[in-house]
Asker: 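This structure is in structure tokens; I'll ask about it shortly.
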2 protein chains.
Amino acid sequence: MKNFRKDDGAGSASSDGGDRRVRADAQRNVDALLQAALEVFAVSGVDAPVRAIAEKAGVGIGTVYRHFPQRADLIAAVFRREIDACADAAPTLAADHAPFEALAKWMQRYASFVATKRGMAPALQAGNPALEPLRTYFFERVRPALRTLLESAAAAREVRTDVDADDILNAVASLCSSGHDDRPDYARRMVALLIDGLRPRST
Amino acid sequence: MKNFRKDDGAGSASSDGGDRRVRADAQRNVDALLQAALEVFAVSGVDAPVRAIAEKAGVGIGTVYRHFPQRADLIAAVFRREIDACADAAPTLAADHAPFEALAKWMQRYASFVATKRGMAPALQAGNPALEPLRTYFFERVRPALRTLLESAAAAREVRTDVDADDILNAVASLCSSGHDDRPDYARRMVALLIDGLRPRST
DNA sequence: ACCTGAACACCGTTCAAGT
DNA sequence: ACCTGAACACCGTTCAAGT
């Protein structure tokens, strides 16, 4: 795990062995690029022109490709911490609410994450080999979080058992992808519908 | 430039009124383009290179733009008849099944339509002004079909009333968009979940 | 009227030349 | 090491020239 950003917690000068120094100007460029990408992605989605990001960061186009050889690497770097934050919300909710309610609240929280981060849903879909690492990271991080919530609800017999975590992650991501700006509240209501559908069949 | 008379050759002066005539070769080109586009869209989606379609149809790139000034016009022409077929399935199902079952079956039918026609869902989303006419046509044609099914089910008190036809059309389109080829049966199961969610709250 | 493809604009990506 | 931007490849779209 190579932490580019120092992100605090650099505490122990661990024996990383061969600790490569990053030139200060290079580090500045990386930071500026991540910041620029975050903003550009937010308004134009992840398909925004690379040149726009380079310009906003004040660097040459070649510098983007030096630090992020594939466009997907830039996307991954930008989304990683948001993914972490979303996953970390699960245990917090589990501690504060009843099982099914915690599940429902987390799904809404995850929904707003997808809605905010344009291009998250497309990145999650299989088929784009360049984005596979981000997809992998996402599932590794978020799947266990959701599974725990699902299992608690299942133990309380408050949720049907023929739906797994990946189903929910994909479904909510699809429903909350951008493009429905004309129907306010659409995403929230559809996710609510999905949540209702998760209740055990009344028989 | 040579100035040759319209309808040169065999046609002669047969009587057929002042009808606007399309030159036979032009008509052939349009047909070939529609067929080529149908096939290319099916495998590569609606973002496939225009050149690929022109080549497959055996015409110059300029000819595509002559008959379909906007790329969206070609997409619309290709999808229109499929939209009609989907809408027409509704009354048939209504005649053969109980209200809620007819609704459920139509939703699955619509789901397979979206899944088959790659790029249908993106076209349905607002925000692409060029595809607005197709979007309009789609809703004009399909919305009433679904509404009838919904109303029948509502009259029988078999469906909740806080969800409208557009919600369902958008939600199913999102869930069945391409990109989940790795999870077989995913779309069908998610639509089934949505259908379950449509049942009235059990109280 | 209709067809064609060279030409233009734009965007992703590379790489030789600079510091 | 790292930065830069000209250069290349590709794709959407136009238009002058042909039939």
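Here is the naming used below: chain letters follow the sequence lines, and residue numbers restart at 1 for every chain.
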Asker: Measure CG/A/Asn29 against C1'/C/dT19 and give the value in whole Å, please.
Answerer: 14 Å

Asker: Just by distance, no angles: are the side chains of A/Gln35 and A/Asp31 close enough, under 3.5 Å, to form a donor-acceptor pair?
Answerer: no

Asker: Measure from the side-chain heavy atoms of A/Ala26 and tell me the nearest of C/dA6, C/dA1, D/dC3.
Answerer: D/dC3

Asker: Between A/Gly62 and A/Arg66, just flag the one whose closest nucleotide in DNA chain D comes earlier from the 5' side.
Answerer: A/Arg66

Asker: Tell me what A/Ala48 touches on the nucleic acid: a base, only sugar-phosphate, or nothing, going by heavy atoms under 4.0 Å.
Answerer: sugar-phosphate

Asker: Can you check whether A/Pro91's main-chain N or O pairs, donor with acceptor, with A/Trp106's side chain at less than 3.5 Å?
Answerer: no

Asker: Measure the distance from CZ on B/Phe68 to P on C/dC3 and round it to the nearest whole Å.
Answerer: 11 Å

Asker: Does B/Tyr186 reach the main-chain N or O of B/Leu175 with its side chain, forming a donor-acceptor pair under 3.5 Å?
Answerer: no

Asker: Given pairs defined as Watson-Crick or G-U wobble with both distances under 3.5 Å, what dot-bracket annotation applies to DNA chain C, with ( ) intrastrand, [ ] crossing, | other strand and . unpaired?
Answerer: ||.|||||...|||||.||

Asker: Which of these nucleotides, C/dT13, D/dG12, D/dT4, is closest to any side-chain atom of A/Ile61?
Answerer: C/dT13

Asker: What nucleotide, of D/dG12, C/dC11, C/dC3, holds the atom closest to the side chain of B/Thr63?
Answerer: C/dC3

Asker: Whole-Å distance between D/dC3 C1' and A/Arg28 CZ?
Answerer: 13 Å

Asker: Quickly work out the A/Gln27 CD to D/dA1 P distance and round it to whole Å.
Answerer: 17 Å

Asker: If you count the non-hydrogen atoms of other residues, nucleotides and ligands that lie under 6.0 Å from CZ in B/Arg80, is the total more than 12?
Answerer: yes

Asker: What salt bridge (charged side-chain N to carboxylate O under 4.0 Å, His left out) pairs are there with at least one residue in residues 49-74 of chain A, not counting sequence neighbours?
Answerer: A/Glu39-A/Lys56

Asker: Search all heavy atoms of A/Met120 against all heavy atoms of A/Ile83 and return the closest pair with its distance.
Answerer: CE-CD1, 4.0 Å

Asker: Which whole-number value in Å describes the distance from B/Arg71 CZ to C/dC10 P?
Answerer: 18 Å

Asker: Heavy atoms under 4.0 Å, any strand shown: does B/Arg51 hit a base, just sugar-phosphate, or nothing?
Answerer: base

Asker: Looking only at atom types and distance, does a side-chain atom of B/Ser112 sit under 3.5 Å from a main-chain N or O of B/Arg109, one as donor and one as acceptor?
Answerer: yes

Asker: Between P on D/dT13 and NE2 on B/His67, what's the gap in Å once rounded to a whole number?
Answerer: 17 Å

Asker: Rounded to the nearest Å, what distance is computed from the CG atom of residue B/Asp73 to the P atom of nucleotide D/dG12?
Answerer: 15 Å

Asker: Give the rounded distance in Å between these two atoms: CG of B/Leu33 and C1' of C/dC3.
Answerer: 12 Å

Asker: Counting just side-chain N and O atoms, does B/Tyr65 come under 4.0 Å of either OP1 or OP2 of D/dT13?
Answerer: yes

Asker: Mapping B/Val59 and A/Pro69 to their closest nucleotides on DNA chain C, which lands nearer the 5' end?
Answerer: B/Val59

